[in-house]
Amino acid sequence: MTDTPAAARIRPVAAAVKGAPTSDGAGVRMTRLLGTPEARMFDPFLMLDHFDSADAGDYMAGFPDHPHRGFETVTYMLEGRMRHKDSTGREGVIGPGGVQWMRAGKGVVHSEMPEQAEGRMRGFQLWVNLPAALKLSPPDYQEFDADKIPREARAGGVEVRVVAGRTSQGLAGPVADGAVDALYLDVSAPAGARFEEPVAAGRNVMVVVYDGAVRIGERQVEAVGAVFLGEGETVEVTAERDARFLVIAGRPIGEPVAWGGPFVMNTREEVMAAFDDYRAGRF
Ligand code: FE
């Protein structure tokens with residue numbers, strides 16, 4: 001390998017999306033940033049939804065009982081509270097700044113319902129694929145309130161909340177994820193500040209701007225918008241206005257993906273088997 005100049009190692013923007021308005025569950029309105037015809041998947045990430053509304057009519061219907069198999073769902077709340085309940089008997093409330101990282105594995109049936117009848121509800125749900133070897137593993141979840149998510153202060157007033165993975169400065173988030181070596185950071189940066197973080201080549205990285213505006217390379221990204229970064233070693237984001245954004249990275253799985261609604265497997269037959277098992281009450 002020959003040396004590359006520093007600038008060449010900064011990950012460029014490969015694609016930028018504003019997302020598509022969508023409705024899911026029993027009629028919750030949100031913006032789908034990943035998992036659309038425009039941005040199908042970004043291995044190992046399958047889907048990313050952003051919900052943000054102060055109108056209870058947009059979220060009150062919630063997500064009544066529904067199944068999942070073959071991947072993980074990550075719910076990160078910014079504002080508001082969501083109660084979840086699942087077929088393994090567990091139940092909890094995710095509040096502002098909290099995260100639930102659920103491994104559906106071989107199957108869970110769960111509900112996700114607003115724990116409020118008014119006020120703003122804002123956050124993200126990410127779907128992280130699992131490799132074949134873990135698709136039928138036992139369901140499990142990790143859940144942490146905001147006070148369990150450590151914060152790292154950086155130069156220029158930048159603050160990094162570490163939800164999953166470990167930063168270059170050694171701060172580790174509470175979520176232990178062995179499957180795709182996930183990094184999930186929530187960064188706030190005042191106007192003019194620059195955030196820089198090495199993310200090893202071989203991991204896919206996306207940046208999701210949800211407040212303000214940033215610049216990545218030559219590209220301006222306004223909230224709400226997501227960019228998928230190309231190859232490189234370092235993520236560099238400059239806040240053009242006071243900004244908040246997620247930096248999400250993971251190791252691509254590189255296996256065939258057969259996706260049927262709430263089930264994501266490797267083959268069509270495995271998806272059909274998931275529907276059969278669910279209908280037969282084997283979840
Ligand atoms: Fe769900």
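Every number for a ligand or one of its atoms is a count from 1 in the order of the listing.
- Heavy-atom neighbours of K18 NZ from other residues, nucleotides or ligands within 6.0 Å: above the threshold of 12.
- For Y59 and F51, the distance between ring centers is not under 6.0 angstrom.
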Note to self: Is there a side chain to side chain contact (heavy atoms under 4.5 Å, CB included) between L171 and R166? Walk through the geometry before answering.
What the structure shows: CA-CA 5 Å; L171 189 66; R166 183 181 292 273; over 6 Å; no
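- The aromatic ring centroids of H84 and F63 lie 6.0 Å or more from each other.
- Screening the protein for N, O or S atoms under 2.8 Å from the Fe ion (ligand 1) yields 4; no waters enter the count.
- Remark: D276 does not engage R282 in a salt bridge, criterion side-chain N to carboxylate O under 4.0 Å.
- Counting non-hydrogen atoms of other residues, nucleotides and ligands closer than 6.0 Å to CZ of R29 gives a total of 12 or fewer.
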